[in-house]
Amino acid sequence: MNPWDEFVSRLAAGATLLSLWGEPERVHLALLDGGAIRHLARDCPDHRYPSLGARFAQAIRLERSARDLYGLDPVGLADRRPWLDHGAAPHAYPFLPVEGEALHQIPVGPVHAGIIEPGHFRFTCDGETVVRLEARLGYVHRGVERLMAGAALAAAAKLAGRISGDSTVAYALAFAQAVEAALGVSPPPRAIWLRAIMAELERLANHLGDIGAICNDGGFSLMLSHCAILRERVLRAADACFGHRLMMDRVVPGGVAVDLASKGISALGALIAELHARFPALVTLYDLTASLQDRTNGTGILHADLARRFGAGGVIGRASGRDFDARRSPGYAPYDALAFTVPVLGEGDVNARIWIRIKEVEQSLGLLRQLLASLPPGAIATDLPSGPAGEGMALVEGFRGDIFLWLAIADGRVRHCHARDPSWLQWPLLEAAIEGNIIADFPLCNKSFNCSYAGHDL
Amino acid sequence: MRKTILQGLLRRPLSEPPLALDDPDIVTLARDLDLVSQRKLGRGLSIRAIDAGSCNGCELEMHALGNAFYDLERFGLRFVASPRHADVLAATGIVTRNMREALLRTYAAMPHPKWVVAIGACARDGGLFAGSPVCEGGIGAVLPVDLWIAGCPPTPRDLLEGFLTLLQPRTAAVGSSRGEKSGRLAER
């Protein structure tokens, strides 16, 4: 059996598709198989390869994108529509046909009614009930892969940190880990610890913001007000520790760009104490507000089978029974030296996604405390060797789920870099989760997923 | 719930004192911008946010403006849902080819008089994404920009200062806490 067919048979046997991406005249495939990442590149001098999407739905949009970006044709894929490239006639996009006398369609976006990223949602409804949602994305396609190709490592690291701004630490970490794997260097222990502190701060800030925002979309703004205060506290602590509220450009290949001073350590101590004092009351508030519970329980159910088949990462997967966290498996330092649990629930509704976030806030606080207590002394960065070529991969757990990044380095520059946001495998599931719900619950469902537009559109 | 609300009432407010827009180390904005906008707008400003190709970092900080610390509504500033209700278009990101049309239509839907505030490094000249073959360039490549707020992303303080300059009678200006100067775009 040739390697490609072997990969496909592993997928059929239950391995998780991490990503599928293109390069000029080459297609790449990465799987998570038995806890290990497996990567395969296949030359396509004729720009053709057998489609995976024809059998595995999670690959469809990845294949459509590789066709848009590199002209690689997935032979056998029925969906011939472009995805990231809206072309010269953006209005001519053919949405999937819907038939039925009682049905009506509601187009929403790309510009939404709030401070939200752009994307188009085409709802088909029967009365108030959504019978189909089809998303059209790609509006914020900035050409990240093309800008990465040929970029110096430092410039590419900055770009990676702006693939999805809310996950800037996780992306910078994934990029740095992939560079370090390609060049065969390891960052000093203190840098590894500081990276984890930043990653957990980012997770805290986003989860706190999301918990509040989901409740707000259920019409309960009190939670948003209080959660937004806690989120702001996290961002201010991050600013005090690392000199940037979102910690952009603080994780760099080889280590980190700034050290944590004693002032920062005391700011983190105060933050942990504040969150411990305030957060439990908000959890109780959420749990005891019947009108809000009525909105979140049983709403937007994502079935465990779909979450598993798509390899849905992060909160979305874990709220639908997928017991996976990249910090634990395949795992990376320093999490192997820290104690934490990965919360998993089976209900798959909005309520479950809120509860996973609540439990992860608690876990991140515990991790921060351990990280501060065991912070090693020493250097915060190591020099990168100049010259060598190589390929590297990383799988990093951001707040949204596992970010997969693959890159090839030649002559001290990025030859090619592909980053797969967790949203790639989550957006299609939103379309399944909303089915049969009333359209008024879409904001609630959408926010509980909180997929990235920028991270997906690249 | 009652307890949470009561505690909120009894605690000291978290809102920070209003900004003093008199930092000398900043670019001076053209006086006519202030006078015109103040005369037209009075003390209120309705802002319509649009992401033309941002990484969503700027959006996060615009969201933060609504929290109890910055509380932008006490200054008469509010984000509105429709461009038809807006005085100001707050545009972030490099303009992607795929968003060009939506950006133009959003601007066209706003009633006169209207202003465009470009937010963040990408909105000025594309920032790190400048030169991308699938992008048009900064907001100024597509729309007439009146004010640029610097930063990657600008902090909520930077954003507040920027929006408030549209309302202040004095000749005020915008500075970024990150060193780079905001201001009225030269090409305008």
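Just so it is clear: chains get the letters A, B, ... in the order the sequence lines come, proteins before strands, and each one is counted from 1. For clarity, every value in this text was computed on a predicted model and none was experimentally measured.
- For a residue to count as touching a neighbouring chain, one of its non-hydrogen atoms must lie under 4.5 Å from one of that chain's; by this rule Phe79(B) touches chain A with the side chain only.
- Ranked by non-hydrogen atom pairs under 4.5 Å with chain A, the options Ser132(B), Gly57(B), Pro133(B) are led by Ser132(B).
- The parts of Glu59(B) that come within reach of chain A are both its backbone and its side chain, each placing non-hydrogen atoms under 4.5 angstrom from that chain.
- For a residue to count as touching a neighbouring chain, one of its non-hydrogen atoms must lie under 4.5 Å from one of that chain's; by this rule Glu61(B) touches chain A with the side chain only.
- Closest heavy-atom contact between Thr96(B) and Arg142(A): CG2-CG, 3.8 Å.
- In this structure, chain B has a heavy atom under 4.5 Å from the side chain of Ser452(A), while its backbone stays farther away.
- Heavy-atom minimum distance, Ala130(B) versus Leu147(A): O-CD2, 4.3 Å.
- Top candidate by heavy-atom pairs under 4.5 Å with chain B, chosen from Val111(A), Leu235(A), Ile115(A), Asp166(A), is Ile115(A).
- What you find for Cys55(B) and Arg162(A) is that their closest heavy atoms are CB-O, 3.0 Å.
- Using a distance-only test at 3.5 Å, with no hydrogens or angles considered, no donor-acceptor pair links the side chain of His86(A) to the main chain of Arg97(B).
- Neither the backbone nor the side chain of Arg136(A) comes within contact range of chain B, judged by heavy atoms closer than 4.5 Å.
- There is no contact between Arg100(B) and chain A, counting heavy-atom distances below 4.5 Å.
- Interatomic distance, Leu14(B) CG to Ile229(A) CD1, rounded to the nearest 0.5 Å: 5.0 Å.
- In this structure, Glu117(A) and Ser54(B) approach most closely via the heavy-atom pair OE1-O, 4.4 Å.
- Counting only heavy atoms from C-beta outward, the side chains of His63(B) and Leu224(A) never approach each other to under 4.5 Å.
- The shortest heavy-atom contact between Gly143(A) and Val134(B) is N-CG2, 3.5 Å.
- Contacts of Tyr171(A) with chain B are absent, with no heavy-atom separation under 4.5 Å from either backbone or side chain.
- In terms of heavy-atom proximity, His244(A) sits nearest to Cys152(B) at NE2-O, 3.0 Å.
- Separation of atoms CZ (Arg233(A)) and CZ (Phe69(B)) is listed at 4.0 Å; rounding is to 0.5 Å.
- Without hydrogens or angle criteria, Asn56(B) side chain to Gly165(A) main chain gives a donor-acceptor distance under 3.5 Å.
- To the nearest 0.5 Å, atom CG of residue Asn67(B) and atom NE2 of residue His226(A) are 12.5 Å apart.
- Summarising the local packing, CZ of Arg84(B) is surrounded by 12 or fewer heavy atoms from other residues, nucleotides or ligands at distances under 6.0 Å.
- Atom NZ of Lys158(A) is surrounded by 12 or fewer heavy atoms from other residues, nucleotides or ligands within 6.0 Å.
- Taken from NZ in Lys3(B) to CG in Leu288(A), the straight-line distance is 11.0 Å, to the nearest 0.5 Å.
- The distance from atom CG of Leu84(A) to atom CG of Asn98(B), rounded to the nearest 0.5 Å, is 8.0 Å.
- Chosen from Ile50(B), Val95(B), Asp51(B), the residue pairing most often with chain A at heavy-atom distances under 4.5 Å is Asp51(B).
- From Met62(B), atom CE reaches atom CD1 of Ile116(A) across 11.5 Å, with rounding to the nearest 0.5 Å.
- With a 4.5 Å cut-off on non-hydrogen atoms, Thr289(A) touches chain B through its side chain but not through its backbone.
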